[in-house]
Amino acid sequence: MSKGIISKDEDYSQWFNDLVIKADLAEYSPVRGCMIIKPYGYSIWEKMQAALDKMFKDTGHSNAYFPLLIPKSFFSKEASHVEGFAKECAVVTHYRLKNDGEGQIIVDEEAKLEEELIIRPTSETIIWNTYRGWIQSYRDLPILVNQWANVMRWEMRTRLFLRTSEFLWQEGHTAHATAEEAIAETEQMLEVYADFVENWMSVPVVKGRKTANERFAGALDTYCIEALMQDGKALQAGTSHFLGQNFAKAFDVKFTSKEGKLDYVWATSWGVSTRLMGALIMTHSDDAGLVLPPKLAPIQVVAVPIYKHDEELENIRTYIKGLSAELRAKGISIKFDDRDTQRPGFKFAEYELKGVPLRIAIGSRDMQNGTVELARRDTKTKETVNQEGLADHIEQLLEQIQKNIYDKAFNFRAENTVEVNDYEEFKRLLDEKPGFISAHWDGTPETEQRIKEETKATIRCIPLNNKQEDGKCILTGKPSTQRVLFARAY
RNA sequence: CGGGAUGUAGCGUAGCCCGGUAUCGCGCCACAUUUGGGAUGUGGAGGCCGCAGGUUCGAAUCCUGCCAUCCCGACCA
């Protein structure tokens, strides 16, 4: 176990918090529920952004930016949307402070806004209000826009990265001439998310659709990807919504079709947030610290020199310089940690804590033998390898690590996903062996609600391409045609 | 918003019951010896004891009020 980190078997929540703090990803801020994302944590987020942004652009989207502040009145225009977000909105009411004459700064009551402004919890309203001016004809469609932004939701209870009051995310907002096209967009973006989470984050996901209860406020259909964390709880990793014509009707966004008919525009929205950082940490990490997938690791390889004299260090430095050039040519990042203020053992522990996928230790003995010691973070194994061909070897190892941690997570999920046909068994498993439970459900919101109240488990999703089979609802015994995925969730 | 806990040096803590100006460890600084898994020694720096009142000759300690944070629930990405 690493210094200052509790074992994850002992207290999973505490382990997660310790890890975020000790690995230098983030820290608490003076404001409740807000966090400071530190450089190391932010550099992982930047890598996520870069990869996602490219995927969005490759599928035809462009970035734009809409304001942080939204007039309060916009929120009342879409009924279910306001209901979904009203309880967690921060509101700006004044625009000036003043000195009260006793050295205190107070709100200047004379500077009260005519109409209060909402700090965006999501941007559908301001964006659809804007799209009204952008769209007149089918020739103006589709609009495929994404924005990288911060949003604020005044949550009752917050958790680093998983649920903070303010969080960073991207939100795509598209406008289409037909329902079919909008649905295709919704599905396409779900695929993009699944592709990213599985192939970059090495986190396996289940693609599916939300039930009516779990649907986004204002959506006709919500698609999602669900991941399973190491404590057996599910985490929603991304959502893609088919909004129908709800927002177009609320904001009066009409277009003239090819046939000369006036109709409302069809919409989608989709987003992933810094919550993905939480998923990344909780899926792979262990008691020694973070385990990062090579594709997202800020430092992919670290080289630690072991030396007694300056000439030895210089010899090692010269060698590492050459290796670095080779690795950089392959697009692999390497850090040479030549700090003489820390000893090698300290550095080893530190890079394990920070999840650097590969570590090279190199000393005079190695320089004489033409070798290095190579240590893998994911398996904690070490091997002595020849310096010759090392760059190629490292390249292969990084690919193996990327795959290995995916396989590990995949197997964990497989071991913790079970089909259950009996309600008592269902309840027992949730307590004794938490994970995904695949079970029949009669399809009613009432049943889903009752199961949630009695067990705290929710329907995470109705998996896409679900096998159709006859069965009985685990709660009511009514007929059902397919299984859905239950779990307790974050 | 309900339940629980905690606020003492950068971090983790002792002291509080029984009032007398704060303990220990890590970290930090200097020097020396060290360097293949979190070094050792010597010396040193660092404190509105969460905040505001009250009791007292005297408060980290007793009393009152407030604030903040974390954990568990309801709500949620």
Side-chain angles (χ1 to χ4, degrees), chain A residues 1-6 11-14 16-18 21-22 27-35 83-89 121-122 150-171 193 210 213-217 222 224-227 234-241 269-279 288-289 304-310 312-313 316 338-353 359-369 371-373 375 380 382 384 452-453 456 458 460 488-490:
Chain A
M1 191 173 85
S2 183
K3 274 186 185 171
I5 298 182
I6 197 166
D11 186 341
Y12 193 83
S13 296
Q14 193 60 47
F16 176 77
N17 283 338
D18 286 351
I21 304 288
K22 302 283 178 189
E27 64 185 45
Y28 293 103
S29 85
V31 177
R32 191 201 79 103
C34 295
M35 67 174 171
E83 196 185 322
F85 287 105
K87 285 174 291 183
E88 51 190 46
C89 283
T122 179
N150 56 342
V151 288
M152 176 157 274
R153 297 181 189 175
W154 211 267
E155 300 288 353
M156 293 293 184
R157 200 173 145 232
T158 58
R159 220 121 136 36
L160 291 167
F161 285 116
L162 296 176
R163 187 174 301 104
T164 43
S165 299
E166 180 190 11
F167 56 94
L168 305 183
W169 78 344
Q170 59 68 218
E171 45 181 329
Y193 287 155
K210 288 294 187 189
N213 280 357
E214 299 281 325
R215 209 173 272 155
F216 175 75
T222 289
C224 63
I225 48 174
E226 294 284 328
L235 184 78
Q236 179 174 304
T239 48
S240 183
H241 314 290
S269 70
W270 27 276
V272 294
S273 71
T274 35
R275 176 178 247 205
L276 288 179
M277 293 281 293
V304 177
I306 297 155
Y307 61 98
K308 289 191 174 68
H309 309 291
D310 281 352
E312 292 174 67
L313 175 61
I316 293 167
D338 61 351
R339 287 178 296 175
D340 61 356
T341 51
Q342 310 293 349
R343 300 168 85 245
F346 179 91
K347 294 177 185 176
F348 294 170
E350 185 177 37
Y351 291 113
E352 272 164 20
L353 177 60
R359 182 186 71 229
I360 295 170
I362 178 165
S364 297
R365 211 162 66 205
D366 291 301
M367 291 304 285
Q368 278 164 20
N369 300 340
T371 58
V372 301
E373 183 191 81
K380 294 272 214 70
K382 289 191 277 200
T384 301
K452 184 179 176 181
E453 281 162 15
K456 291 180 207 149
T458 50
R460 300 319 305 157
R488 288 192 182 136
Y490 275 100

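Residue numbers start from 1 in every chain, and the chains themselves are labelled A, B, ... in the order their sequence lines are given, proteins ahead of strands. Keep in mind that this is a model prediction, so the values were computed, not measured.
Here the P atom of nucleotide B:rU6 and the CD atom of A:Gln14 are 15 Å apart, to the nearest Å. The CZ-P distance, from A:Arg163 to B:rC71, rounds to 11 Å in whole Å. Put simply, CG on A:Leu160 is 13 Å from C1' on B:rC71, counting in whole angstrom units. Rounded to an integer number of Å, the gap from CD of A:Glu27 to C1' of B:rC11 is 12 Å. Note: NZ (A:Lys22) to P (B:rG27) measures 12 Å, nearest angstrom. To the nearest angstrom, P of B:rC75 lies 14 Å from CZ of A:Arg488. Between A:Asp340 atom CG and B:rA39 atom P the separation is 15 Å, expressed in whole Å. Taking atom CD of residue A:Glu88 and atom P of nucleotide B:rC75, one finds them 12 Å apart after rounding to whole Å.
Each of A:Arg359 and A:Arg460 lies near RNA chain B, and the nucleotide nearest A:Arg359 is the one positioned closer to the 5' end. Residue whose closest nucleotide on RNA chain B sits further toward the 5' end, between A:Glu155 and A:Ser13: A:Ser13.
Applying the 3.5 Å distance criterion, the base of B:rG36 shares no donor-acceptor pair with the side chain of A:Arg343. At a cut-off of 3.5 angstrom, the base of B:rG37 holds at least one donor-acceptor pair with the side chain of A:Lys382.
The residue A:Thr274 sits apart from the nucleic acid: no heavy atom pair falls under 4.0 Å. Among the heavy atoms of the strands lying under 4.0 Å from A:Asp366 is at least one base atom, whether or not backbone atoms are also near. If you check every strand for non-hydrogen atoms under 4.0 Å, A:Gln342 touches nothing. A:Thr371 comes within contact range of no nucleotide atom at all, as no heavy-atom separation falls under 4.0 Å. Heavy atoms of A:Glu350 sit under 4.0 angstrom from at least one base atom. Among the protein residues, A:Tyr28 comes within range of the sugar-phosphate backbone only, with heavy atoms under 4.0 Å from sugar or phosphate atoms but none that close to a base. Using a 4.0 Å heavy-atom distance criterion, A:Ser273 is classed as a base contact. Within the nucleic acid shown, A:Leu235 has no heavy atom closer than 4.0 Å to any nucleic acid atom.
Taking atom C1' on both nucleotides, B:rU23 is separated from B:rC16 by 14 Å, rounded to a whole Å. Taking the C1' atoms as reference points, B:rU21 lies 13 Å from B:rU8, given to the whole Å. Annotation: B:rU40 and B:rU35 have their C1' atoms spaced 12 Å apart (nearest Å). Comparing B:rA52 with B:rA59, their C1' atoms are spaced 15 Å from each other, to the whole Å. A distance of about 10 Å separates the C1' atoms of B:rU61 and B:rC17, rounded to the whole Å. Between B:rG20 and B:rA60, the distance separating the two P atoms is 9 Å to the nearest Å. Taking atom P in both B:rG43 and B:rU64, the straight-line distance is 46 Å, to the nearest Å. Across B:rC28 and B:rC67, the matching C1' atoms stand 31 Å from one another, rounded to whole Å.
Nearest heavy atoms, A:Gly84 versus A:Ala217: CA-CB, 3.8 Å.
Partners of A:Arg159 according to the salt bridge (charged side-chain N to carboxylate O under 4.0 Å, His left out) rule, which considers only residues two or more places apart in sequence or in another chain, do not exist here. In terms of the salt bridge (charged side-chain N to carboxylate O under 4.0 Å, His left out) criterion, residue partners of A:Arg359 (sequence neighbours excluded) are, by chain and number, A:Glu352. For A:Glu166, the side-chain hydrogen bond (donor to acceptor under 3.5 Å, both in side chains) test picks out A:Asn150, with sequence neighbours left out. Qualifying side chain to side chain contact (heavy atoms under 4.5 Å, CB included) partners for A:Thr222, counting only residues two or more places apart in sequence or in other chains: A:Lys210, A:Arg215, A:Phe216, A:Ala219, A:Thr239, A:His241. In terms of the side-chain hydrogen bond (donor to acceptor under 3.5 Å, both in side chains) criterion, A:Glu88 has no residue partners (sequence neighbours excluded).
At a threshold of 4.5 Å between non-hydrogen side-chain atoms, the residues A:Asp366 and A:Ile316 do not count as touching.
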Exercise. Decide yes or no on side-chain contact (heavy atoms from CB on, under 4.5 Å) for A:Phe167 and A:Met35, but give the supporting numbers first.
Key: CA-CA 9 Å; A:Phe167 56 94; A:Met35 67 174 171; over 6 Å; no
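The local environment of CD in A:Glu27 is crowded, with over 12 non-hydrogen atoms from other residues, nucleotides or ligands closer than 6.0 Å. More than 12 heavy atoms of other residues, nucleotides or ligands shown are found within 6.0 angstrom of CH2 on A:Trp169.
The side chain of A:Lys456 sits closest to B:rA74 out of B:rA74, B:rG37, B:rU35. For A:Glu373, whose side chain is taken as the heavy atoms from C-beta onward, the closest listed nucleotide among B:rG38, B:rC76, B:rG36 is B:rG36. Residue A:Asn17 has its side chain nearest to B:rC71 when only B:rG38, B:rU35, B:rC71 are considered. Closest to the A:Lys452 side chain, of the nucleotides B:rG36, B:rC76, B:rG38, is B:rC76.
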Self-check item: Bracket string, RNA chain B, 5' to 3' - pairs by Watson-Crick or G-U geometry under 3.5 Å, | interstrand
Solution: (((((((..(((.......[...))).((((((.....)))))).....(((((..]....))))))))))))....
